[in-house]
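Here's the structure, in structure tokens; my notes come after.
All values reported here derive from a predicted model rather than from experimental measurement. Scope of the values below: all heavy atoms of this structure, side chains included, with no hydrogens, waters or symmetry mates.
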Amino acid sequence: MATKLWASKAASYLRISVFRRGFATVIKELKYADSHEWVKVDGKSATVGITDHAQDHLGDVVYVELPEVGIEVKQGNSFGAVESVKATSDVYSPVSGKVIEVNKKLDDSPGLVNGSPYEDGWIMKVEISNKDELNSLLDSDQYTKHCEAENEKH
């Protein structure tokens, strides 16, 4: 509950809209992959992380495998992994391009993915090579429906 309250306060401070669901927070301005990664586009670059829904299902994150700066990532392909007390999960790139930065804070504080999945817990920044790929990603409403449908199956 404290995480969701913090996320709402952070969103309010940053003047971004937050859509509340019963199980996680979804930020309207982001795009989402159905594999539970989010992307925030800023010009030709994109910041990527895992969603609040994903971190909630994983549990306490204990390690994040970061990609190397300079490598090329391809939409839908794995670029790293997140290890939690419950499981290890591959992380897939929602966009194609060159990795221009990684969040080194996650080396010492992987729990940032749990406490701040959309801000301090970002994983990588990518120079986008094909902006048309963004059209294949989900908006916040579509992602919410995707998560609800997944939850009904489990």
Side-chain angles (χ1 to χ4, degrees), residues 3 6-7 10-11 13-19 23-147 149-150 154:
T3 301
W6 181 89
Y13 175 77
L14 295 170
R15 290 187 166 83
I16 53 179
S17 302
V18 173
F19 178 72
F23 54 89
T25 300
V26 174
I27 297 178
K28 286 196 174 287
E29 289 77 12
L30 303 180
K31 297 291 258 176
Y32 299 88
D34 59 7
S35 53
H36 303 289
E37 293 82 17
W38 58 265
V39 60
K40 180 180 181 181
V41 178
D42 184 16
K44 292 183 179 181
S45 69
T47 304
V48 175
I50 67 167
T51 65
D52 188 31
H53 179 75
Q55 71 78 24
D56 186 51
H57 282 359
L58 280 169
D60 293 336
V61 173
V62 295
Y63 176 73
V64 178
E65 178 187 345
L66 299 170
E68 290 189 32
V69 172
I71 68 161
E72 294 287 329
V73 292
K74 184 172 163 96
Q75 185 181 47
N77 287 359
S78 175
F79 67 82
V82 175
E83 184 179 331
S84 74
V85 295
K86 291 183 185 177
T88 298
S89 180
D90 285 336
V91 184
Y92 301 92
S93 185
V95 294
S96 298
K98 180 180 176 181
V99 176
I100 55 175
E101 187 178 350
V102 296
N103 188 353
K104 288 292 193 184
K105 289 180 184 177
L106 298 178
D107 286 339
D108 294 326
S109 301
L112 289 170
V113 170
N114 296 113
S116 181
Y118 300 116
E119 292 298 322
D120 297 331
W122 63 274
I123 296 173
M124 70 173 177
K125 294 187 180 181
V126 176
E127 185 179 300
I128 302 171
S129 61
N130 182 359
K131 276 200 159 189
D132 289 340
E133 290 177 341
L134 296 170
N135 297 328
S136 67
L137 299 174
L138 306 174
D139 65 22
S140 60
D141 291 334
Q142 292 168 321
Y143 181 68
T144 297
K145 289 176 184 161
H146 171 72
C147 292
E150 254 188 12
H154 298 289

Would a 4.5 Å heavy-atom cut-off, applied to side chains only, mark Asp139 and Gln142 as touching? yes
What I'd like to find out is whether the side chain of Val91 reaches to under 4.5 Å of the side chain of Val48, using heavy atoms alone. no
To the nearest 0.5 angstrom, please state how far the CG atom of Leu58 sits from the CG atom of Asn114. 8.0 Å
Going by heavy atoms in the side chains, are Ser140 and Tyr32 under 4.5 Å from each other? yes
Is the shortest heavy-atom distance from the side chain of Val73 to the side chain of Met124 under 4.5 Å? yes
Atom CG in Leu30, atom CD in Glu37: separation rounded to 0.5 Å? 13.0 Å
Let me have the donor-acceptor pairs involving side chains of residues 98-112, under 3.5 Å, with sequence neighbours excluded, atom names and distances please.
| unit_1 | atom_1 | unit_2 | atom_2 | d |
| --- | --- | --- | --- | --- |
| Asn103 | OD1 | Lys105 | N | 3.2 |
| Asn103 | ND2 | Asp120 | O | 2.8 |
| Asn103 | ND2 | Trp122 | O | 2.8 |

Closest non-hydrogen contact found for Pro94 with Leu137 is O-CD2, 3.7 Å
Are Val41 and Lys131 side-chain neighbours, meaning at least one heavy-atom pair lies under 4.5 Å? yes
List in chain and number order the residues that pass side-chain hydrogen bond (donor to acceptor under 3.5 Å, both in side chains) with Ser78, two or more places apart in sequence or in another chain; answer none if no residue qualifies. none
Once side-chain hydrogen bond (donor to acceptor under 3.5 Å, both in side chains) is applied, do any residues pair with Thr51, and if so which ones, sequence neighbours excluded? Tyr143
Do Glu150 and His57 meet the criterion of a side-chain donor-acceptor pair at a distance under 3.5 Å? no
Closest non-hydrogen atoms of Pro67 and Ile123, given as atom of the first, atom of the second and distance, are CD-CG2, 4.4 Å
Report the residues that fulfil side chain to side chain contact (heavy atoms under 4.5 Å, CB included) with Asp60, sequence neighbours left out, ordered by chain and then residue number. Val85
State which residues pass side-chain hydrogen bond (donor to acceptor under 3.5 Å, both in side chains) with Ser96; sequence neighbours excluded, sorted by chain then number. Glu133
Sidechain-backbone polar pair: Tyr118 side chain, Thr25 backbone, donor-acceptor under 3.5 Å: yes
How would you list, by chain and number, every residue that makes a side chain to side chain contact (heavy atoms under 4.5 Å, CB included) with Asp132, sequence neighbours excluded? Asn130, Asn135
Are Val26 and Asp52 packed together at the side-chain level, in the sense that at least one heavy-atom pair is separated by less than 4.5 angstrom? no
So does Asp141 pair up with Lys28, basic N to acidic O under 4.0 Å? yes
Residue pair Thr47 / Lys125, side-chain heavy-atom distance below 4.5 Å: yes
Only pairs at least two apart or in different chains count here, so list each side-chain hydrogen bond (donor to acceptor under 3.5 Å, both in side chains) that has a residue in residues 80-90. none
Closest approach of Ala46 and Val95, non-hydrogen atoms and distance? CB-CG2, 4.3 Å
Closest approach of Val113 to Gly121 (non-hydrogen atoms, all atoms of both residues): CG2-O, 3.7 Å
Please tell me whether Ser136 and Gln75 have a donor and an acceptor in their side chains that are separated by less than 3.5 angstrom. yes
